[in-house]
Amino acid sequence: MRQRKLLSALFTVAAAGATPAAAEEIGDTVHGAVLFRKECAICHRIGQDARNAVGPRLNGVFGRRAAALADFNYSRAMKRKGNDGLTWTLETLDAYIENPKALVTGTRMSYRGLADPQARADLMAYMRDHSDRPQDIPEAEPTARRNAPVLSEEVLALRGDPEFGAYLSAECTTCHQRDGSDQGIPSIAGWPQEDFVVAMHAYKQKLRPHPVMQMMAGRLSEEEIAALAAFFATLE
Amino acid sequence: MILTRRSLIAGATAATGLLYAPVVLGQGKPKVVVIGGGAGGGTAAHYMARDSQGALDVTLVEANPVYTTCFFSNLYIGGFRDFESLQHGYDKLSAAGVAVVNDTAVAVDRAARTVTLAGGQVLPYDRLVLSPGIEFKPDSVPGWSLEAAEIMPHAYKAGPQTQLLRRMIEAMPQGGVFAMIAPPNPYRCPPGPYERVSMVAHLLKQTNPTAKIIVLDPKDKFSKQALFEEGWGKHYNGMVEWIGPEFGGGAVEVRPDSMEVLVEGTAQKVDCCNVIPAQSAGRIAAIAGLTDESGWAPVHPDSMKSRMDENVWILGDSSAQGDMPKSAFSANSQAKVAAMAIRGELTGSRVFPAKYSNTCWSLLAPDDGIKLGASYQPNGDRIASVENFISNTGEDAALRKLTYEESLGWYAGITADIFG
């Protein structure tokens, strides 16, 4: 219901013709920015110099074909959708954020979905600010993450021992398959090392909620996390 | 055999402090024989073959050409999975370089370092890994025997027994009684009997909603009890009655011929009876003289090596190691430590400190999954729990559904880890 209202609001503006739909009319961008940091920023970057992380960068996502970034390794499911013609619009993105697996079965995006239509509208309003109005991209570091751990430069600079990581990884591969299959449990193969390190420290510091992962990360040392990151980065 | 002495020393000092002397055994490759192709043995064979890249001669002895996992077999009973989905062959392990022998080990000569198989074959070894699961102690339930399992199934080693139990539940008369005789500690899969109760209740709720389930239990409390009891109340209100030792659950006899259960001497007729007896280490561990008075095989916590023979490792249910529950997850976790330690001894590869973990998922009803788990490390003479967690009562449906979906992911992951 809310979704339909949202769309009709958009169409009304579009029909008025002169200007592209302004973000304000989609939702509350300030709230959307908060939601983005809370819900999305663990895996996605947006804004100036945003790069791919666990998920693809989201600058310019509106109007983009699904799985269109050449430098991101999408799931087979997402590539198939892109080939089938899925393009990110207000409508498709709304459905995807509401329930990712309902729109793209087999997506690697391990997100349970955002049920509140107003929250989705706010989030999309924020994301749209980074699509067709680059002048709106804030100068401030856009990747600040509320639930990211505070890590020293030394920790981030640790170079892991991949052979040690290979041994430690055996504990991960009971659930996370080495070949990147993901059914019910996300793939961790091929993650950028820094994202891996940040994610594991976020679990270790109990900033991320999953109890199994908090337990697994809880007893890993900084060197062990670096070793795992070094090993998993080598898996395709 | 290629020795990288620098990495050996670096690994050993950085890690356990144990400096193993690599074995140089004449011309041939070092031989490892693994007995039991489940979560412990399958994983150990897989990892040793894969990680040694041909430097080890790994033989896996497993009676069944196709293995049926005990884990998730309750979901078959509940109608959530078909039987074939529990079955796994050994083709991929063979492709990974494991010599798979479909036979049963009947004797171990630890002095000569050989294993004799039922078919007569004698396998020499440099290192032996035993992961033979469990053996039942029929005397623990007076009146029951392994022969009686055709009438009162245990269904606690997956296979035809699991299918038999499901057929018997389906054949129960309307309003009939299902009885479970639960096992005393320690036993395989602590939440297993109670997940099974949930799955039996789910099956009966659809086809036989007036049926009753009685659980007779010699323990005063059981794994995930609050979660199971909440789930039974929510999904199967009034169907499940749990009777602990205080009310006679610990003093039970069965009469398979008349399908009766005697609780403190009073006979009750039942329509289906699942007897899960007390357990001990798999038979070959006892035959090899590696078990103690507890009936289980004691191991060193930093490697899973037997306390009785430095050339033998014991994995999974059969081992007495400390705090880890007897589960597929535990066996798989222990196997990785053992595989690393054995490779270290035989090929000089690096040895790292042992880390273990376990998580057990259980299904209460459709999309209502729960879990508990812990991480473990060697501590003195035992493996001790470091940190643990458990699902909470009163969790919302979305989280429970995610937990169930996660368990499906775990099954796919661990079976790939074991069987390739």
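As the structure is a prediction and not an experimental result, all values here were calculated from the model. In what follows, chains are A, B, ... by sequence order, proteins preceding strands, each numbered from 1.
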Heavy-atom closest pair (B:Asn388 atom, B:Ala374 atom, distance to 0.1 Å) is CB-CB, 3.6 Å
May I ask you to check whether B:Ser385 and B:Asp323 show a side-chain donor-acceptor distance below 3.5 Å?
no
Whatever's closer than 4.5 Å to a heavy atom in chain B on A:Glu224 counts as side chain
With a 4.5 angstrom heavy-atom cut-off, is it the side chain or the backbone of A:Asp179 that approaches chain B, or both, or neither?
neither
Using a strict cut-off of less than 4.0 Å between a Lys/Arg side-chain nitrogen and an Asp/Glu carboxylate oxygen, indicate whether B:Lys355 and A:Glu171 qualify as a salt bridge.
no
For the interface with chain B, which of A:Cys175, A:Pro211, A:Gly218, A:Ala166 has the highest count of heavy-atom pairs at distances below 4.5 Å?
A:Pro211
Donor-acceptor pair between A:Asn83 and A:Lys79 side chains, under 3.5 angstrom:
no
Heavy-atom pair count under 4.5 Å with chain A, highest-scoring of B:Thr43, B:Asp51, B:Asn332
B:Asn332
With a 4.5 angstrom heavy-atom cut-off, is it the side chain or the backbone of B:Asn358 that approaches chain A, or both, or neither?
backbone
Partner chain B: residue of A:Ile185, A:Thr174, A:Val212 with the largest heavy-atom pair count (under 4.5 Å):
A:Thr174
Side chains of B:Ser333 and B:Ser330: do they bring a donor and an acceptor to under 3.5 Å?
no
Options B:Lys371, B:Gln377, B:Glu406, ranked by heavy-atom pairs under 4.5 Å with chain A, top entry:
B:Glu406
Contacting moiety of A:Arg219, where chain B heavy atoms sit under 4.5 Å
both
Would you mind checking which part of B:Lys401 comes under 4.5 Å of any heavy atom in chain A, side chain (CB onward), backbone (N, CA, C, O), both or neither?
neither
Quick one: sort the A:Tyr126 and A:Phe36 rings into parallel, tilted or perpendicular, breaks at 30° and 60°.
tilted
Highest number of heavy-atom pairs under 4.5 Å with chain A among B:Ala416, B:Gly373, B:Ala412 belongs to B:Ala412
Can you say whether B:Tyr404 sits under 4.5 Å from chain A via the side chain, the backbone, both, or neither, judging by heavy atoms?
neither
Does this structure show an ion pair linking B:Glu230 with B:Arg400, if we count only N-O contacts that are shorter than 4.0 Å?
yes
When the 4.5 angstrom heavy-atom criterion is applied to B:Ser357 and chain A, the contacting part is both
Is the B:Tyr411 to B:Trp361 ring centre distance short of 6.0 Å?
no
